[in-house]
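Along the sequence shown, the residues carry numbers beginning at 1.
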Amino acid sequence: MTRSFSNKLFPFALYHICTRAYLFPFIVYHKQTDQFNSQSAKMKKEDTVKLISAEGFEFIIDKKAAMVSQTIRNMLTSPGSFAETEHGEVTFPEISTTILEKICQYFYWSLQYASGKETEFHIEPEITLELMMAANYLHT
């Protein structure tokens, strides 16, 4: 079962879902509708990373949160002139928007947990398999 939102409301609905439960400061943008939620526009570009889902939705999150993933850390810090390193954005053609949303939530939850705030991280049963495959790829 996947979540269904209209293209016009998706970024705002997704941001609301994420921030309401976890207070995560990330921006969601979709190129096809040219809409975004800029409530967190205070973040500096060099302190953020753009994660792009298979459907083209962009999640702009804190670089510190993205570094929870060993794969993303390697992509962003490897020597050489890789596009991910230069532009600070990573495209995941195999990870759906719903799964990438949950991954972003996990990154922020992991930072909170590491700082001593012990809370439960809820995972919907219908996305468990796909989420486990993405987590395995991202080494999280």
Side-chain angles (χ1 to χ4, degrees):
M1 184 174 156
T2 58
R3 257 185 252 168
S4 171
F5 297 103
S6 72
N7 280 346
K8 287 187 173 191
L9 295 177
F10 187 81
F12 304 105
L14 180 60
Y15 184 82
H16 178 71
I17 289 167
C18 297
T19 56
R20 191 161 181 249
Y22 300 100
L23 300 174
F24 295 150
F26 59 83
I27 301 169
V28 181
Y29 173 76
H30 191 262
K31 288 181 181 179
Q32 292 175 348
T33 60
D34 198 33
Q35 292 182 342
F36 66 96
N37 181 331
S38 61
Q39 186 171 346
S40 298
K42 299 173 191 171
M43 292 189 286
K44 296 177 183 175
K45 184 169 175 56
E46 61 272 2
D47 295 335
T48 62
V49 175
K50 186 187 296 184
L51 306 179
I52 305 169
S53 71
E55 295 87 5
F57 284 87
E58 299 174 352
F59 295 84
I60 301 172
I61 64 173
D62 288 325
K63 190 176 247 182
K64 184 177 179 182
M67 295 298 182
V68 168
S69 164
Q70 186 63 44
T71 302
I72 294 174
R73 180 183 299 130
N74 291 341
M75 288 177 175
L76 296 174
T77 60
S78 58
S81 56
F82 294 103
E84 293 87 1
T85 305
E86 289 182 4
H87 302 294
E89 64 181 54
V90 182
T91 303
F92 298 104
E94 300 294 323
I95 300 178
S96 69
T97 301
T98 306
I99 298 302
L100 193 55
E101 167 197 356
K102 199 65 167 178
I103 289 168
C104 290
Q105 290 176 358
Y106 174 78
F107 290 163
Y108 282 98
W109 177 86
S110 180
L111 290 178
Q112 291 174 355
Y113 187 82
S115 68
K117 184 178 180 182
E118 293 187 27
T119 58
E120 185 176 311
F121 186 74
H122 178 71
I123 298 173
E124 296 82 9
E126 58 270 6
I127 67 168
T128 303
L129 179 61
E130 198 175 351
L131 189 60
M132 285 175 47
M133 291 179 356
N136 183 47
Y137 170 72
L138 294 172
H139 294 93
T140 54

Asks: Only counting residues at least two apart or in another chain, list the ones meeting side chain to side chain donor-acceptor pair (under 3.5 Å) with S115.
Replies: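 By the side chain to side chain donor-acceptor pair (under 3.5 Å) rule, S115 matches no residue at all.
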Asks: How about V49 and E89: do any of their side-chain heavy atoms sit closer than 4.5 Å?
Replies: no
Asks: Considering non-hydrogen atoms only, spot the tightest contact between A54 and P93 and give its length.
Replies: CB-O, 3.2 Å
Asks: Which heavy atom of I123 sits nearest a heavy atom of T128, and at what distance?
Replies: CG2-OG1, 3.9 Å
Asks: Let me see the working for K63 and D47 under side chain to side chain contact (heavy atoms under 4.5 Å, CB included), right down to the final yes or no.
Replies: CA-CA 5 Å; K63 190 176 247 182; D47 295 335; 5.5 Å; no
Asks: For the pair T140 (side chain) and N136 (backbone), establish whether a donor and an acceptor sit closer than 3.5 Å, ignoring hydrogens and angles.
Replies: no
Asks: Checking side chain to side chain contact (heavy atoms under 4.5 Å, CB included) for the pair I61/C104: CA distance, chi angles, key distance, verdict?
Replies: CA-CA 8 Å; I61 64 173; C104 290; 3.9 Å; yes
Asks: For the backbone of T119 and the side chain of W109, can you confirm whether one donor and one acceptor N or O come within less than 3.5 Å of each other?
Replies: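 Side chain of W109 to backbone of T119: a pair is present.
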Asks: Keeping E55 on the side-chain end and T97 on the backbone end, is there a donor-acceptor pair under 3.5 Å?
Replies: yes
Asks: Quick one: side chains of residues 65-76, donor-acceptor pairs under 3.5 Å with protein atoms, not counting sequence neighbours, listed by atom name and distance.
Replies:
unit_1: S69; atom_1: OG; unit_2: T71; atom_2: N; d: 3.4
unit_1: S69; atom_1: OG; unit_2: I72; atom_2: N; d: 3.2
unit_1: S69; atom_1: OG; unit_2: L138; atom_2: O; d: 2.7
unit_1: Q70; atom_1: OE1; unit_2: R73; atom_2: NH1; d: 2.7
unit_1: Q70; atom_1: NE2; unit_2: N74; atom_2: OD1; d: 3.1
unit_1: T71; atom_1: OG1; unit_2: Y137; atom_2: O; d: 2.7
unit_1: T71; atom_1: OG1; unit_2: L138; atom_2: O; d: 3.4
unit_1: T71; atom_1: OG1; unit_2: H139; atom_2: ND1; d: 2.9
unit_1: R73; atom_1: NE; unit_2: M67; atom_2: O; d: 3.4
unit_1: R73; atom_1: NH2; unit_2: M67; atom_2: O; d: 2.4
unit_1: N74; atom_1: ND2; unit_2: Q70; atom_2: O; d: 3.4

Asks: Between F92 and L51, does a side chain to side chain contact (heavy atoms under 4.5 Å, CB included) hold up when you go through it step by step?
Replies: CA-CA 7 Å; F92 298 104; L51 306 179; 3.9 Å; yes
Asks: So, do Y106 and L131 sit near enough that their side-chain heavy atoms are less than 4.5 Å apart?
Replies: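 No - every pair of side-chain heavy atoms lies 4.5 Å or more apart.
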Asks: Kindly confirm or rule out a cation-pi arrangement of K64 over F107, judged by NZ or CZ under 6.0 Å from the six-membered ring centre and within 45° of its axis?
Replies: no
Asks: Do the side chain of Y113 and the main chain of E120 share a donor and acceptor less than 3.5 angstrom apart?
Replies: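 Checked: no pair found.
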Asks: Is there a side chain to side chain contact (heavy atoms under 4.5 Å, CB included) between K102 and E124 once you walk through the steps?
Replies: CA-CA 10 Å; K102 199 65 167 178; E124 296 82 9; 3.6 Å; yes
Asks: To the nearest 0.5 Å, what is the distance between CD (E118) and CD (Q112)?
Replies: 12.0 Å
Asks: What distance separates I127 CD1 from I99 CD1, expressed to the nearest 0.5 Å?
Replies: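 That separation rounds to 4.5 Å.
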Asks: To the nearest 0.5 Å, how far apart are CD in E84 and OG in S78?
Replies: 7.5 Å
Asks: Do you know which of I103, L100, T48 makes side chain to side chain contact (heavy atoms under 4.5 Å, CB included) with F59?
Replies: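 Among the candidates, only L100 passes.
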